[in-house]
Structure formats: C-alpha cells, structure tokens
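What follows is a set of notes on a single structure, which appears directly below.
Worth saying up front: this structure is predicted, and the values here are computed from it rather than measured.
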Amino acid sequence: IPNGSTNRAFDCNDLGMVRTVTFVVRDGSGNEANCMVDITTLDTVPPTFTCPADQEVALDANCQFEVPDLITGILFDDNCPAATIAQDPVATTLISSADEQTSVVTITATDAAGNTNATACEVTLTAQDMTPPTFACPADQEVMLDANCQFEVPDLITGILIDDNCPAVTIAQDPVATTLISSADEQASVVTIIATDAAGNTNTTTCEVTLTAQDMVPPAFTCTSDH
C-alpha cells in the first residue's frame, strides 16, 4: 500500500498520475497473498455554469455589430480547479448583419482534464438597426398651371441620394408624381418626402417641398368686329 498506509484517497492533485497500489490478503493461519494494481486518477466531471441570456445588439454606421464580452463574470462550478472559459466568436469581433438578423455565440468551459460543459451554451444576438436614413431635401419649385387651372405634381424623388447604415431603403412622395392638383396663381401646395429603411426607421428631419402654382396662360377672347 502506498506510503505504508492502509487507506489512500485520491484527489485533484493526482490527475493523470499512475500510482501502484499493493493489495495484501491474510488468512487465519497467517498465510499471505498480494497483488499490485496501477491506478490512474481521472477527472470525468464536466464544469457547469449558467448560460447568459440572449441579447439585442445595435448595428453601427457600417451595418455591423461588435460581439459583446459574454464570459467575464461568469461563475462556473467544477470538482477540480483550473477550468477555463471561452466564447466563439470572441468579444469585439465585428459581424455584418441586418435588422432582426440573429447570430449565435457559443460559450464553452473546459477543465484541466479536458472535460467541457455537457449542456450547450448558445447565446443568440439579435441585431437592431436604430439609424434613420438621411437625404438632401429637394428645393421648393414653381409649377405651371395648365388650361384647366391645374398642375401636375413633379417627380421629386428620382435621383435623390440616400445615406443609411444598412441597405434596402425606399423613398416615396405624397402626393405621388403626376397627381393633378387644382390650384390658383401663387397658391402653394406641399409634397412630403419620406425615406424608410428595412427596419422601419424614417428620416427624422421632415422633408416638405413647397410647390407654388404659376398662372402663365393669358386670357383669350373673341374681339368684336368694327362698327
């Protein structure tokens, strides 16, 4: 028996070590028999910890988000010390995404014996686009009244350059182009232009284009004959 003792307890300090244990059997007549057994101490207990909750992350000006640090502060439990914890992707990794798109971060705890957490820990990160689109609002315009004292609303949105952190922005005007509006000379009408991105964000600066009607049609009449 090791160290001459009759009992031998093995602990985490014995991990991976091979110790030879001698077993001795004696009968009532004093006869003995013995055998030697090599014992290797193994740790088969995986570490455990509470998996962090899912999170929402904000998209930046490039439609990316930075993976947060999900492991600092995690308390894990294991029978032997020296366990390590890691996440994949690592913190500060930049991920291109889109509004409401999800990405998964896997967290793994590994102890000195190579055991890993038996229950998978996957944290879902949901991207949020909070950045509204911007554009230069067109200048006010004058519009000509036709023979029916109406004018046609011009197309004010074609060619507008929109800036947004994520793609897929739509732009619309109200009233829409080609709408006929009855008016009068110098009467003003307003067209509102709105840009909306895929997340539902709209331009925060109101864009209203004033159309001022101009009556350039001279009156006509039939001149009576000389008398």
Rounded to the nearest 0.5 Å, what's the gap from [atom1] on [X] to [atom2] on [Y]? Could you check?
| X | Y | atom1 | atom2 | value |
| --- | --- | --- | --- | --- |
| Thr134 | Asp164 | OG1 | CG | 7.5 Å |
| Thr202 | Asp197 | OG1 | CG | 8.5 Å |
| Glu122 | Thr108 | CD | OG1 | 9.0 Å |
| Cys166 | Asp99 | SG | CG | 7.5 Å |

Show me the donor-acceptor pairs within less than 3.5 Å that the side chains of residues 181-196 make with the rest of the protein, sequence neighbours left out.
| from | atom 1 | to | atom 2 | distance (Å) |
| --- | --- | --- | --- | --- |
| Ser182 | OG | Gln150 | NE2 | 3.3 |
| Asp185 | OD1 | Asp215 | N | 2.8 |
| Glu186 | OE2 | Gln214 | NE2 | 3.0 |

Would you give me the side-chain donor-acceptor pairs under 3.5 Å for residues 85-94, sequence neighbours excluded?
| from | atom 1 | to | atom 2 | distance (Å) |
| --- | --- | --- | --- | --- |
| Gln87 | OE1 | Leu70 | N | 2.8 |
| Gln87 | NE2 | Pro68 | O | 3.0 |
| Gln87 | NE2 | Pro89 | O | 3.1 |
| Thr93 | OG1 | Val90 | O | 2.7 |

Do Asn201 side-chain atoms and Asp129 backbone N/O form a donor-acceptor pair below 3.5 Å?
yes
Please give me the minimum heavy-atom distance between Leu161 and Phe135, naming the atom from each residue.
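Smallest heavy-atom distance, with atoms named: O-CB, 3.5 Å.
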State, to 0.1 Å, how close Phe76 and Thr84 come at their nearest heavy-atom pair, and which atoms those are.
CZ-N, 4.4 Å
Any side-chain heavy atom of [X] within less than 4.5 Å of one from [Y]?
| X | Y | value |
| --- | --- | --- |
| Thr126 | Glu100 | yes |
| Phe49 | Ile107 | yes |
| Cys80 | Asp111 | no |

Same cluster (ILVMFWY, side-chain, under 4.5 Å), Leu211 and Ile160:
yes
Group every Ile, Leu, Val, Met, Phe, Trp and Tyr by side-chain heavy-atom contacts under 4.5 Å, then state whether Val143 and Ile157 land in the same group.
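Yes, one cluster joins them.
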Please set out all donor-acceptor pairs under 3.5 angstrom arising from side-chain atoms of residues 38-48, sequence neighbours excluded.
| from | atom 1 | to | atom 2 | distance (Å) |
| --- | --- | --- | --- | --- |
| Asp38 | OD1 | Thr20 | OG1 | 2.7 |
| Asp43 | OD1 | Val45 | N | 3.0 |
| Asp43 | OD1 | Asn79 | ND2 | 3.1 |

